[in-house]
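To start, the structure itself, in C-alpha cells.
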Amino acid sequence: MKAFFREYFKLIKFASSCKGFLILAALCMGVSTIFDGVSLGMIIPLSDRVMTNKEIVIPANLPPFLASIIAKLNSLEPLVLLKMMAIFMITLFFFKGVFIFLQNYLMNIVGQSVVREVKNRLYAKFHRLSLEFYARKRTGELISRITNDVGFITQAISYALADFIYNSMQAFLFTVIALSIAFTISWQLPILVFVIFPLISFPVLRIGKRVKKLSTEIQDRMADLNSLLAETIQGAYIVKVFCREKYEEERFRGINYQYYKYMLKSIKRTLMLSPFTEFIGALGAVIILLIVGKEVILGKISFGVFGLFLGSLMSMIKPIKKLSNVHAINQQAIAASNRIYSILDEEVKIKSKNNAVKIEDFKETVRFEAVRFGYTQEEQVLKDINLQIKKGETIALVGPSGAGKSTLVSLLPRLYDPQAGTVSIDGMNLKDLRVSYLRNLIAVVSQEMVLFNATVRDNIAYGKDGATEDEIIDAAKKAYAYRFIKNLPQGFSTIIGDRGFRLSGGERQRVALARAILKEAPILILDEATSQLDSESEQLIKEAFYHLMDEKTVIAIAHRLSTVQKADRIVVIENGKIVGIGSHSELLESTPLYKKLYEMQFLA
Ligand code: ATP
C-alpha cells in the first residue's frame with residue numbers, strides 16, 4: 001500500500017505545474033457536490049409537503065437553521081411550494097451544468113498539458129541519452145513510451161483524478177447525510193453502513209493489483225508490436241527479397257494475439273468490479289431498508305426523510321462504483337508512469353560539465369592517448385590506442401571488418417567515452433569541452449547516413465541552422481550532387497522518401513556529403529561506403545573527397561584505394577590495436593596485414 005501511494009504521488013507529480021487549474025477544478029467539484037446534496041434533499045418537501053400535504057417529521061434536535069427551514073417548509077401551501085421548487089430546481093440544474101462543464105474542462109486542460117509536457121520531456125531526454133542507451137533499447141519500445149504510456153497518464157489525470165476527487169466528495173456527502181439520519185433512528189444502523197465499505201473495497205484492491213500486472217504485460221506486447229512494425233516497414237526490402245512475408249505475417253499475428261489475450265484479461269477484471277460492488281451495495285441497502293422501513297410504518301419519521309435516507313444510500317453506490325474503476329485506471333497508469341520514469345531517470349552518461357570549455361576552432365592536434373574502450377565491460381573493442389592527428393592531415397583507417405575503426409572515430413564527437421586513456425583536441429580533454437561546441441567542429445559522413453523523408457533542400461540544410469539557398473547550392477556543387485539534383489522532378493524541392501529511399505546509393509551519399517560540407521566543420525570523418533557504386537558515382541564522390549581533403553582535417557575509414565593513396569598517413573588497425581602507421585609504400589614493407597588487405601581489397 002505504501003508503495004502504491006509513493007508511486008501514485010510520483011504519477012500525480014506530472015501535474016504539479018498545473019496546480020492552479022487543479023485547485024479551481026476541485027472548487028468547482030465542491031460546488032457541484034453541494035448542488036447534488038441540495039437536489040437530493042428536495043425529496044423531503046416534495047414527498048411530504050407537495051405530494052401528500054403532511055408535516056415533515058425528523059426525530060431529532062436539528063441545528064437551529066435546519067429546524068427553521070423545516071418549520072418554514074411545513075408552513076407553506078403545497079402549490080406555492082411546488083412553484084417555488086420548480087424555479088429553484090431549474091436554477092440549480094443550470095448552475096450545476098455550468099460547474100460540471102468547468103470541472104471537466106479544467107481537468108482536461110490539466111490532462112492534456114501533462115501529456116504535452118511528458119512527451120516533450122521524454123523526447124528531449126531521448127536526445128540527451130547517449131548511443132549506448134539506444135543499443136540497449138528497441139525503437140518500438142521507446143515509441144510505445146511516448147505514444148501509449150503517456151495516454152495512460154492522461155487517463156489517470158483527466159478522468160481518474162477528476163472522478164476520484166468528485167466522487168470522494170459525493171460519497172462523503174451522502175455518507176454524512178445517511179449516517180446523520182441513521183444515528184437518529186438506531187445506533188446499529190451506522191455500524192452496518194461501516195461494515196459495507198470494507199466489503200466493497202477488498203475486491204477492488206485485489207483486482208486493481210492484478211490489473212496493474214496485466215497492464216505491464218500489455219505494454220510489453222505493444223512495444224513488441226511497435227518494434228516489429230518499425231523493423232519490417234524499414235526493412236520491407238529485405239522481407240521481400242528473402243520472401244519472408246508469410247513468416248513476418250505469422251510473427252505479427254503471434255504478438256498481436258498475445259496483446260489481444262492480455263487486453264481481454266484486463267478488460268474482464270475491470271468489468272467485473274462494477275457489478276460486484278453494486279451487488280454488495282444493494283445487499284446492504286436492502287437490509288437497511290427493512291430496518292428503516294419499519295420506522296416509517298410506526299410514524300417515527302416521515303416518508304420524505306425516509307426517501308432522503310434511501311436516496312443518499314443509493315446515491316453512494318455510483319461514486320463508490322466509480323472510485324473502484326479509478327483504482328484500476330490508476331494501477332494501469334502507475335505501471336505506465338514507472339516505465340516513463342525509468343527513461344526520465346536514466347543517467348545521461350555523456351554531458352557537458354558545468355564549467356565546460358566552449359571550443360570555437362580546431363588549431364593543432366587531435367590526440368588519442370592509451371585509449372581503451374568496450375561496449376561492454378567484458379569485451380574490449382579498442383586496446384591501448386595511441387594516435388596523433390595534425391590539423392590539415394588526411395588519415396586513412398584500414399583494417400579487417402570488426403577491427404574497431406568505426407568505434408575509434410565515434411570517440412571523437414564523444415558518441416562514447418573511453419573507459420581508460422584520453423582523447424583530446426589541442427591539448428584539451430574532450431570531457432572538459434562543451435559537447436555541442438565539440439560536435440560543431442566535426443562533420444560526419446557515414447555508411448549508414450540517414451536521410452530524412454523531406455526535400456533534398458531540407459536534407460542538405462540539416463547541416464547548418466538557417467542555411468541560405470546559395471549556401472545549399474554551393475554545398476551541393478562541392479559534393480558533385482548539383483547536377484543530379486537539378487534533374488530530379490522538382491529539383492531541390494523533391495521529397496526523397498524514407499531514409500532517402502528514392503535515391504540511388506551514390507546519390508544518397510552525395511546528398512549526405514553536401515550536408516556535411518554545409519556544416520563547415522574543420523574536421524571531417526568519412527566512413528566510405530563498402531557497397532559498390534556505379535563508376536560515375538564513384539568518380540564524382542572521389543572528386544568531392546579530394547577537394548575536402550585539401551581543405552580539412554580528414555579521418556577516413558577507407559575501403560577504396562583512391563582514398564588510401566591520397567592519405568598523408570595510413571593507420572592499420574587489427575583487433576582493436578594499431579599495428580602499423582605510415583605511408584602506402586612504407587606499410588607495404590613493414591606491415592604484412594596491410595599488404596594482405598591491399599592485395600585482397602584494394603586490388604580486387
Ligand atoms: P567495419 O569495417 O565492418 O565497419 P569496424 O572496424 O568499423 O568494422 P566496429 O564497427 O568499430 O568495427 O566494431 C568493432 C567491434 O565492436 C565489433 O566486434 C562489433 O561487433 C562491436 N560493436 C560495434 N558497435 C557495437 C555496439 N553498439 N554495441 C556492442 N558492440 C558493438
Side-chain angles (χ1 to χ4, degrees), residues 126-142 227 230-231 234 346-350 366 368 371-387 389 394-421 423 430 442 444-450 505 508-509 512 523-533 541 545 554-564 567 569-581 587 591 593-604:
F126 283 161
H127 287 297
R128 278 208 306 279
L129 288 165
S130 58
L131 289 185
E132 166 270 336
F133 169 80
Y134 288 96
R136 273 190 285 128
K137 302 275 182 192
R138 295 172 305 165
T139 316
E141 192 184 327
L142 298 178
S227 292
E231 282 164 19
Q234 282 174 2
E346 176 90 30
E347 186 198 353
V348 177
K349 295 208 171 101
I350 294 185
V366 170
F368 290 78
V371 167
R372 287 177 177 279
F373 175 79
Y375 292 97
T376 54
Q377 286 297 333
E378 303 82 50
E379 206 186 342
Q380 290 280 299
V381 174
L382 298 177
K383 302 158 190 163
D384 198 27
I385 296 282
N386 289 289
L387 179 65
I389 303 165
T394 292
I395 296 286
L397 298 180
V398 298
S401 181
K405 303 177 297 286
S406 307
T407 308
L408 177 66
V409 294
S410 66
L411 299 186
L412 195 54
R414 263 194 97 191
L415 297 177
Y416 301 93
D417 277 339
Q419 274 136 14
V423 185
L430 300 190
I442 303 162
V444 181
V445 184
S446 94
Q447 281 187 41
E448 297 143 31
M449 207 68 218
V450 175
R508 238 177 285 166
Q509 271 212 359
I523 302 173
L524 182 66
I525 295 176
L526 291 176
D527 195 346
E528 284 186 347
T530 39
S531 53
Q532 285 296 315
L533 297 174
I541 289 173
F545 281 180
V554 177
I555 306 169
I557 298 176
H559 297 283
R560 270 188 287 269
L561 184 62
S562 50
T563 321
V564 175
R569 281 186 301 154
I570 301 159
V571 176
V572 188
I573 300 182
E574 183 182 23
N575 198 13
K577 283 191 192 136
I578 295 180
V579 293
I581 302 183
L587 288 172
T591 314
L593 174 66
Y594 181 74
K595 190 162 186 280
K596 196 171 124 202
L597 284 172
Y598 170 71
E599 283 163 359
M600 264 170 45
Q601 287 182 10
F602 303 129
L603 293 183

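These numbers come from the heavy atoms of this one structure, side chains and all, not from hydrogens, waters or symmetry mates. Both counts, for ligands and for their atoms, begin at 1 and track the order of listing.
Below 3.5 Å of separation, one finds no N or O of Leu408 facing any N or O of ligand 1.
Nearest heavy-atom pair across Pro413 and Ile525 is CD-CD1, 4.2 Å. Nearest heavy-atom pair, Ile523 versus Val366, reported as atom, atom and distance to 0.1 Å: CD1-CG2, 4.1 Å.
Atom numbering of ligand 1 starts at 1 in the shown order; those under 4.0 Å from a heavy atom of Ser406 are 4 (O), 5 (P), 7 (O), 10 (O), 11 (O). Atoms of ligand 1 found under 4.0 Å from any heavy atom of Thr407 (numbered from 1 in listed order, with element): 9 (P), 11 (O), 13 (O), 14 (C).
Other residues, nucleotides and ligands contribute at most 12 non-hydrogen atoms within 6.0 Å of the NZ atom of Lys595.
At a 4.0 Å heavy-atom cut-off, ligand 1 touches Val381 through the side chain alone.
Separating the CD atom in Glu346 from the CZ atom in Arg136 is a distance of 4.5 Å, to the nearest 0.5 Å.
Closest to atom 30 (N) of ligand 1 by heavy atom, among Phe373, Tyr375, Tyr134, is Tyr375.
Using a 4.0 angstrom heavy-atom cutoff, Gly399 does not count as in contact with ligand 1.
Counting only distance, with no hydrogens or angles, the side chain of Lys577 and the backbone of Asp384 share no donor-acceptor pair below 3.5 Å.
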